[in-house]
Structure formats: C-alpha cells, structure tokens
2 protein chains.
Amino acid sequence: MNSKYVSLYGDIVSKIEKGIFPTNSKLPSESSFMEEYGISRDTVRKSLHLLEQNGYIHKIKGKGSFVLDFSKFNFPVAGLISYKEMVEKLNLHSKTIIHTMELEPPDSNMIKLLDLTEGEKVWKVVRVRQINGKKIILDKDYFNSEFVTNLTKEICEDSIYGYIEKKLGHQIGFSNKEITVEPCSDEDKQLLDIDDYNMVAVVKSTVHLMDGTLFQYSESRHRPDKFKFTDFARRT
Amino acid sequence: MNSKYVSLYGDIVSKIEKGIFPTNSKLPSESSFMEEYGISRDTVRKSLHLLEQNGYIHKIKGKGSFVLDFSKFNFPVAGLISYKEMVEKLNLHSKTIIHTMELEPPDSNMIKLLDLTEGEKVWKVVRVRQINGKKIILDKDYFNSEFVTNLTKEICEDSIYGYIEKKLGHQIGFSNKEITVEPCSDEDKQLLDIDDYNMVAVVKSTVHLMDGTLFQYSESRHRPDKFKFTDFARRT
DNA sequence: CAGTGGTCTAGACCACATA
DNA sequence: ATGTGGTCTAGACCACTGC
C-alpha cells in the first residue's frame with residue numbers, strides 16, 4: 001500500500017523510538033539499507049531525508065547518519081495535528097465542551113480570512129477543552145460550509161478532522177500558524193478556568209486541503225501556564 | 001559554485017517574489033524546467049521539493065505546481081535565523097545593549113543543557129534588544145567556550161552568529177525551540193520596558209553545529225505584545 | 001488521449017572523513 | 001585506499017487530471 005520509502009521511514013522511526021537505534025548512535029549506511037531491503041539507493045535516501053526533516057537524524061558527509069536526541073525538548077505540538085490526535089499521543093485526560101455550533105453568514109473579517117464569496121456561510125464552532133478537570137483551552141473554529149457540511153454535536157465532540165478526512169473524503173494538506181500573546185478577553189475569563197492570569201497564548205491558523213482550497217480558520221486560546229509549542233529548524 | 005537544484009530554487013523564489021510567477025498561478029511543468037535549464041527531471045524535482053517545504057508552492061498530482069499566497073502568513077521569525085538577520089530582513093530600527101558578557105563555570109543546570117564535561121566553561125551573554133526606542137527583548141545566551149572562543153563586546157553588539165560562521169569557520173546546523181509564556185522575573189522588570197505586563201513570551205532553544213555538536217543554549221524573553229511566531233506545516 | 005506529478009531503478013562522479 | 005553521504009543523469013512505469 002505505502003510506498004517503499006515511507007515504509008522504510010516508518011521502520012526506522014519505530015526502531016529509534018524503541019531504542020534499537022539509540023540516541024547519538026550511527027545509523028547503518030545507505031548501502032546497507034539497500035541490501036537489507038533490496039531497494040535502490042535513491043529510495044533509501046528519500047527515507048533518510050524524511051527522517052532528517054522531522055528531526056530524527058542528522059547526516060554528515062563522509063561520516064554517516066546519526067540519531068538525534070529528541071528527548072530534551074519533547075514532542076511536536078507543532079506540525080499539522082488535531083487536538084484529538086495530540087490528546088491521544090500525549091495520553092491526556094481530556095473532555096471537550098461545546099459552547100457554540102452554528103451556521104451563520106460571515107462578517108467582513110471572516111470573508112477576508114476564509115476567501116469567501118457572496119452568499120457562502122460558515123460553521124462557527126466554539127469548544128472548551130478541559131484537561132485534568134481544568135478548562136484550559138478555548139478553540140474557536142470557522143469552516144467554509146461549502147466543504148464542511150452537516151456538522152453535528154457528536155462530530156464536534158469527537159474529531160472534526162476525522163469527519164473531514166474519513167467521512168467527507170477530503171484530504172487535509174497544509175496550514176499556516178501564528179503564535180501571539182494577548183490580553184484575556186471577557187469570553188476567555190467567562191469560559192476558561194483562567195485563575196489570576198490576565199493574558200492568553202493564541203494560535204491562529206488557516207488550514208488548506210490537499211488541492212489547495214482554504215477551508216478553515218481557527219483561533220486556539222490557551223491559559224498561559226499550560227501552553228507549550230516546540231519546533232525543529234535547520235539552517236539554510 | 002552552488003548545486004544546480006539550489007540555483008534553480010533560488011531563481012524560482014526570486015521570480016515568485018518579483019511576481020513573475022504570481023500567487024495562485026501554475027508554475028511551468030517539470031519537463032519545461034528540464035528543457036529551459038538543460039537539467040534532468042530529478043534535479044528539477046529537488047528544487048520544487050525545496051520550494052514546497054518552504055511554503056512557496058503546492059504540488060497537485062496530475063495538475064501541476066501552484067504558487068501559494070505568501071502575504072497572508074508574512075515573515076518567518078521561525079526557522080534558524082539570528083536576531084541581526086531578522087532585524088535586517090524586517091528593516092527594523094534596533095539597538096543592542098550588552099548587560100553581561102563573562103566567561104564562567106556552568107551551574108548544574110547548564111551542564112545538563114549544554115552536555116558539558118568537567119572543567120569546561122561557558123560564555124554567558126545577556127543582551128537587551130531595543131526596537132523603536134523601547135527595550136523589548138531580553139536575550140540570554142550561553143555558549144560552550146570550547147567552540148566559541150574570545151568573545152568581545154564588538155562581536156556581541158554586532159552578530160555572534162556572523163562571528164561563528166565567518167571568523168571561526170563553524171557551520172551552524174540545526175536547533176530545537178520551545179515557546180512558552182512565563183511570569184515576568186525581577187530581571188525582566190528591571191531590564192525591559194515591560195509597562196504593566198506581568199508575563200513574557202519565552203523562546204528557549206539549543207543550537208547545534210553541522211557536525212552535530214551542541215554549542216549554544218539560549219533564552220529569549222519577549223514583551224508579550226511585541227511577540228509573534230509564524231510556522232508553516234504540512235499534514236503527514 | 002496527452003499532460004502532469006509520484007515512485008523507483010542503476011549507474012556515474014564528486015567531496016569529505018578515517019585510518 | 002575505502003567508506004560515507006551529495007549531486008546528477010536517463011529511463012521506466014504508475015496514478016491522477018482534464019479534454
């Protein structure tokens with residue numbers, strides 16, 4: 001089903017995570033992967049390139065490929081991942097409370113953000129994420145209703161991304177994110193267990209499908225003490 | 001000097017930025033780049049892959065490559081870029097004030113963060129960044145003195161990365177970042193024009209050389225209203 | 001059907017590291 | 001000298017899009 005280079009990538013990732021390829025150790029050479037898997041060098045190189053981009057390994061010309069230490073700054077809440085997927089990955093105790101779910105005509109700001117045309121409506125979904133009994137995150141999502149039709153309470157409580165990908169058959173492609181720190185709004189104070197904090201960390205993003213169409217704008221507002229974003233970058 | 005695929009990448013980037021390849025338009029096909037530049041398809045594909053990763057284009061099987069809208073998600077403070085490079089890119093009016101610059105034995109926390117061995121010392125550099133007359137950012141950098149030797153006030157006021165890359169001949173490779181929001185420390189209040197804010201956005205990072213050696217830990221503390229981080233991500 | 005991008009191969013030459 | 005990764009080529013077949 002998968003391409004060869006993706007399955008080799010997956011094999012190596014799981015061997016790194018299991019410690020079969022330990023941190024700081026040298027990975028087998030490209031040619032030994034060629035032999036072991038009976039594939040061409042270019043295909044091996046595609047797998048290693050993927051590992052490199054995702055921060056698993058580091059390649060040095062003439063020396064080899066080395067497993068990086070990714071325990072120091074743990075997981076990527078970065079990337080394009082849904083709240084449900086994150087909760088499952090981190091094994092959190094979480095509950096989602098739906099505050100608003102309505103189909104409405106967009107205001108001028110949303111028309112601009114979602115590139116809407118006359119007459120198109122948007123789904124506005126406001127959800128509160130409760131973790132370990134505390135209301136920590138306020139998620140405000142706006143979906144172009146041309147692409148995301150028929151939302152229900154059940155879908156919003158479970159996973160909207162799952163619905164879009166599995167039921168509607170759309171493929172989610174890429175996103176832009178922006179992280180800022182803003183003063184608490186009245187809505188934040190009302191809906192979150194904000195304690196004495198007077199600011200929130202805000203992640204604003206636009207999300208596109210594989211074919212390039214923009215379908216979602218979202219604003220995720222986090223209690224500042226519970227917010228963490230990690231990133232891996234290379235010098236270019 | 002550069003490889004073929006990097007120079008083709010550069011050509012296309014500049015054509016996109018100049019508007020010769022406009023937003024949302026279709027890029028020439030891989031085969032037309034092959035002809036135009038007299039190179040193989042694989043080499044063209046490497047260039048396009050780079051463009052895709054950096055958020056310039058989006059490829060759709062059977063249709064073509066399309067230029068993404070670059071204006072919505074403006075500049076990358078993301079990536080691995082120095083303060084000086086950012087200031088120059090964004091054309092800011094900035095001044096750097098050096099608060100501390102000393103060679104000292106590391107505490108136990110720094111030994112762990114920088115993977116130090118017995119007897120190695122670290123350069124501790126604390127700098128305040130003033131933008132448009134306001135003290136906005138407090139940068140605390142720690143360098144392993146085995147790799148970064150002989151810092152001077154002039155270097156710290158100009159660009160430490162420039163010194164490392166151009167004078168010492170090291171190549172900066174990759175980094176891990178972590179973004180959090182923390183309460184103001186006394187030091188923040190004392191050194192920054194913090195106004196009435198009681199929190200700061202904090203970017204902690206470790207930076208490695210091309211050969212994998214860890215040489216820097218840094219903590220960048222930003223006044224919350226002036227902080228913005230942008231990111232581009234793909235679904236995997 | 002022709003045009004597009006996605007995967008894969010086999011082979012070549014180069015640059016760098018190590019011994 | 002050998003082993004490593006980095007670049008490049010020429011050709012093949014597939015899957016998807018659009019006419």
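Computed from heavy atoms alone, side chains included, the values below leave out hydrogens, waters and symmetry copies. Order of the sequence lines fixes the chain letters, A, B, ..., with proteins taken first and strands second; residue numbering starts at 1 for each chain.
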Checking A/Thr180 side chain against B/Lys228 main chain: does a donor-acceptor pair fall under 3.5 Å? no
Are any of the side-chain heavy atoms of A/Tyr163 and A/Leu151 separated by less than 4.5 Å? yes
Step through it carefully: locate the ring centre of A/His58, locate the ring centre of A/Phe66, and say whether they are under 6.0 Å apart. no
Starting at NZ of B/Lys63 and ending at P of C/dG5, how long is that distance when rounded to a whole Å? 12 Å
Can you find a heavy atom in the side chain of B/Leu113 that is under 4.5 Å from one in the side chain of B/Lys204? no
Has B/Ser65 got a side-chain N or O lying under 4.0 Å from the OP1 or OP2 atom of C/dT4? no
Numerically ordered, the residues 34-49 of chain A set in heavy-atom contact under 4.0 Å with DNA chain D is A/Arg41, A/Arg45
Side-chain heavy-atom pair A/Phe227, A/Val203 within 4.5 angstrom cut-off: yes
Would you check if the side chain of B/Asn54 reaches a backbone N or O of B/Tyr56 as a donor-acceptor pair within less than 3.5 Å? no
Take the C1' atoms of the five end pairs on each side of the helix from C/dC1-D/dG18 to C/dT18-D/dA1, get both axes, and report the angle to 10 degrees. 10°
Aromatic plane relationship, A/His170 with A/Phe147 - under 30° parallel, 30 to 60° tilted, over 60° perpendicular: perpendicular
Are A/His49 and B/His49 an aromatic pair by the rule of ring centers under 6.0 Å? yes
Between B/Phe33 (CZ) and C/dT4 (P), how many Å, whole number? 12 Å
Within the structure provided, determine whether A/Ile172 and A/Phe215 are in side-chain contact (heavy-atom separation under 4.5 Å). yes
Under 3.5 Å donor-acceptor, A/Arg129 side chain and A/Ser94 backbone: no
A/Lys61 side-chain proximity, nearest of C/dT4, C/dA15, C/dT18: C/dA15
Does anyone know the first and last nucleotide of DNA chain D in reach of chain A, 5' to 3', at under 4.0 angstrom to a heavy atom? D/dG3 to D/dT7
